[in-house]
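Counting starts at 1 for both ligands and their atoms, in listed order.
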Amino acid sequence: MTKILVTGGAGYIGSHTVVELVNHGYEPVIVDNFSNSSPSVLDGIAKITGKRPAIYEGDCNDAAFMARVFASERPAGAIHFAAYKAVGESVAKPLMYYENNIGSLLVLLKTMLAFECHLLVFSSSCTVYGTPDKLPVTEASPMQEAESPYGYTKQVSERIIADTCRAHPGLAAVALRYFNPIGAHPSAHIGELPLGVPNNLVPFVTQTAAGIRPELVVFGNDYNTPDGTNIRDYIHVVDLAVAHVKTLQYLQKEDVSYDVINVGTGRGHSVLEVVHTFEQVSGRSLPHRIGPRRPGDVEQVYAAVDKARTTLGWQARYSLEDALRDAWRWQQSLE
Ligand code: NAD
Ligand code: WQD
């Protein structure tokens with residue numbers, strides 16, 4: 001069985017990817033320091049797959065620790081999820097973000113080269129595009145200057161990986177540019193576990209519906225969109241997880257050096273569409289009001305998904321309704 005190191009494998013997207021790796025016959029090995037997750041995630045993964053993946057608790061920035069993991073596991077490839085991801089926090093604590101997000105990537109790449117681990121899938125983000133000139137956004141769209149240290153870590157990481165692949169022809173990597181991941185595993189055994197007040201829309205919606213938050217504030221309805229609210233490409237986390245497996249298969253089969261691929265549905269939905277669709281699937285009314293714009297929000301962004309379809313043979317299968325129903329089921333399982 002092909003062994004794949006999954007850094008940040010206890011996190012939101014990582015845990016769903018670990019499940020799909022097992023489902024597709026891979027052997028995932030998790031590295032996580034639980035800075036934004038909990039060991040109980042392993043129970044959820046075991047309930048779904050019937051298998052408890054190997055896990056090493058530690059920091060990807062710790063080169064000696066990473067060398068020990070590689071020496072005992074000898075993975076054929078790695079998926080690098082481990083990073084901090086809160087845009088606002090990155091503005092307040094840039095050094096913490098540069099250190100964790102860039103530092104962990106440098107350690108991982110050096111360790112991979114030392115242990116002849118040749119395949120890498122990297123978690124990038126649609127944030128690298130900033131405000132796109134044209135919609136849908138293709139992979140050829142130019143990057144705009146990053147609006148946050150977080151966004152800059154993704155731009156720089158992509159560049160670091162591209163340069164390393166160019167210098168080391170044996171190494172093959174794909175940076176997946178995720179759009180807005182939402183939802184949870186349909187079993188409700190794993191899902192997103194935001195600490196404190198959620199930054200993202202869907203966890204805020206489900207916590208409001210559950211009565212944990214009094215109301216959702218919609219950040220602006222004076223944008224140049226049909227209902228005035230922002231438009232995003234919301235992708236079910238299980239679809240996103242499967243995209244990682246397809247990317248590994250692509251790296252194993254094809255002669256790739258470095259590539260970037262969008263992972264989205266290709267469809268945009270407004271904030272109010274999310275609210276109303278959530279109300280339909282949950283059967284609850286969601287207290288919400290229109291508030292001011294949130295600084296830094298892009299008016300609308302959704303992915304061109306042709307490259308994922310043609311190169312990976314992957315496309316999203318779940319709808320916004322499915323994702324919101326699964327997010328709600330997961331939220332209810334926490335009560
Ligand atoms: P998450 O916080 O749920 O998962 C990240 C995991 O990495 C956590 O379990 C955390 O404990 C671990 N981690 C962080 N730093 C570590 C370190 N130095 N050593 C070991 N473990 C460490 O986040 P997520 O939503 O699953 O995101 C995964 C990746 O996808 C991140 O790189 C993120 O930037 C990227 N991404 C996320 C989104 C999103 O909206 N969730 C969108 C685009 C890209
Ligand atoms: C979605 C929409 C808000 C909360 C972020 C990162 C991006 C990527 C995905 C990591 C926006 C609106 C939200 C609320 C609201 N992550 N909203 N009220 O900002 O599209 O993307 O996560 O790479 O880099 O920036 O996601 O979920 O925060 O917001 O009206 O309480 O919901 O204005 O239009 P965003 P989000």
- Task: Look at atom 18 (N) of ligand 2 and say which protein heavy atom is nearest, naming residue and atom and giving the distance to 0.1 Å.
- Result: V217 O, 2.8 Å
- Message: Looking only at protein heavy atoms, which one is nearest to atom 15 (C) of ligand 2, and what is the separation?
- Response: F219 CD1, 3.3 Å
- Task: Have a look at P181, S124, S15, S35 and point out the one with the heavy atom closest to atom 38 (C) of ligand 1.
- Result: P181
- Message: When you compare the side chains of E89 and Y97, does any donor N or O come within less than 3.5 Å of an acceptor on the partner?
- Response: yes
- For atom 12 (C) of ligand 2, the protein heavy atom that lies nearest, with its residue and separation: V271 CG2, 3.8 Å
- Is it the side chain (CB and beyond), the backbone, both or neither of C126 that lies under 4.0 Å from ligand 1, heavy atoms counted? neither
- Task: Starting from atom 4 (O) of ligand 1, find the nearest protein heavy-atom neighbour and note its residue, name and distance.
- Result: G11 CA, 3.4 Å
- Taking the six-membered ring of Y258, is NZ or CZ of R166 closer than 6.0 Å to its centre and within 45° of its axis? no
- Query: Quick one: nearest non-hydrogen protein atom to atom 3 (O) of ligand 1, plus distance?
  - Reply: Y12 N, 2.8 Å
- Examine the proximity of ligand 1 to N180 and report which part, side chain or backbone, both or neither, has a heavy atom under 4.0 Å away. neither
- Item | Identity and separation of the nearest protein heavy atom to atom 29 (O) of ligand 2 | R294 NH2, 3.4 Å
- Item | Numbering as shown, the atoms of ligand 2 that approach L216 to under 4.0 Å (heavy-atom distance) | 14 (C), 18 (N), 31 (O)
- In short, K85 meets Y150 closest at the heavy-atom pair CA-CE1, 3.5 Å
- Task: Under 4.0 Å from a heavy atom of N199: give me the atoms of ligand 2 that qualify, with their elements.
- Result: 28 (O)
- Among non-hydrogen protein atoms, atom 24 (P) of ligand 1 lies closest to K85 NZ, 3.7 Å
- Message: Show me which atoms of ligand 1 lie under 4.0 Å from any heavy atom of C60.
- Response: 17 (C), 18 (N), 19 (N), 20 (C)
- Query: Looking only at protein heavy atoms, which one is nearest to atom 8 (C) of ligand 1, and how far off is it?
  - Reply: D32 OD2, 3.6 Å
- Query: Identify the closest protein heavy atom to atom 26 (O) of ligand 1: which residue and atom is it, and at what distance?
  - Reply: I13 N, 2.8 Å
- Query: Backbone, side chain, both or neither: what part of Y150 comes under 4.0 angstrom of ligand 2, heavy atoms only?
  - Reply: side chain
- Specify the protein heavy atom at minimum distance from atom 13 (N) of ligand 1: its residue, its atom name, and the distance to 0.1 Å. N33 OD1, 3.4 Å
- Task: Considering the heavy atoms of S37, write down every atom of ligand 1 situated less than 4.0 Å from one of them.
- Result: 8 (C), 9 (O), 11 (O)
- Atoms of ligand 2 less than 4.0 Å from V87 heavy atoms? 6 (C), 25 (O)
- atom 8 (C) of ligand 2: of S124, P181, S125, the nearest heavy atom sits on S125
- Query: Non-hydrogen atoms of Y129 versus ligand 2: any pair closer than 4.0 Å?
  - Reply: no
- Counting each atom of ligand 2 from 1 as listed, which ones have a heavy atom of V218 under 4.0 Å away? 30 (O)
- Heavy atom under 4.0 Å from ligand 1: found in H80's side chain, backbone, both, or neither? neither
- Message: Applying a heavy-atom cut-off of 4.0 Å, say which part of N180 lies close to ligand 2: side chain, backbone, both or neither.
- Response: side chain
- Message: Can you report which non-hydrogen protein atom sits closest to atom 27 (O) of ligand 2, along with the distance?
- Response: L201 N, 2.8 Å
- Message: I'd like to know if the side chain of R68 pairs up with that of Y56 as donor and acceptor (distance under 3.5 Å, no hydrogens or angles considered).
- Response: no
- Task: Could you please spell out the steps behind the side-chain hydrogen bond (donor to acceptor under 3.5 Å, both in side chains) verdict for E158 and S124?
- Result: CA-CA 7 Å; E158 286 195 7; S124 191; 2.5 Å; yes
- Task: Could you find the nearest protein heavy atom to atom 28 (C) of ligand 1 and give me its residue, atom name and distance?
- Result: F81 O, 3.6 Å
- Query: Where on N200 is there a heavy atom closer than 4.0 Å to ligand 2, on the side chain, on the backbone, on both, or on neither?
  - Reply: both
- Item | Per-residue contact class, Y150 against ligand 1 - non-hydrogen pairs under 4.0 Å | side chain
- Any side-chain heavy atom of Q331 sitting closer than 4.5 Å to one from I212? yes
- Query: Identify the closest protein heavy atom to atom 7 (O) of ligand 1: which residue and atom is it, and at what distance?
  - Reply: G8 CA, 3.3 Å
- Message: Counting non-hydrogen protein atoms only, what is the nearest one to atom 33 (O) of ligand 2? Give residue, atom name and distance.
- Response: D297 OD2, 2.6 Å
- Are H244 and Y178 near enough that their ring centres are under 6.0 Å apart? yes
- Query: N100: heavy atom below 4.0 Å from ligand 1, yes or no?
  - Reply: yes
- Query: Heavy atom of G58 under 4.0 Å from ligand 1?
  - Reply: yes
- Query: Which bit of Y234 gets closer than 4.0 Å to ligand 2, counting heavy atoms only: side chain, backbone, both or neither?
  - Reply: side chain
- Nearest-neighbour protein heavy atom for atom 20 (O) of ligand 2, which is reported as residue plus atom name and distance: R232 NE, 2.5 Å
- ligand 2 to K85 polar contact by distance, N or O atoms, under 3.5 Å: no
- What atoms in ligand 2 come closer than 4.0 Å to a heavy atom of T127? 24 (O)
- Query: With atoms numbered from 1 as shown, which atoms in ligand 2 lie under 4.0 angstrom from a non-hydrogen atom of N230?
  - Reply: 11 (C), 33 (O), 34 (O)
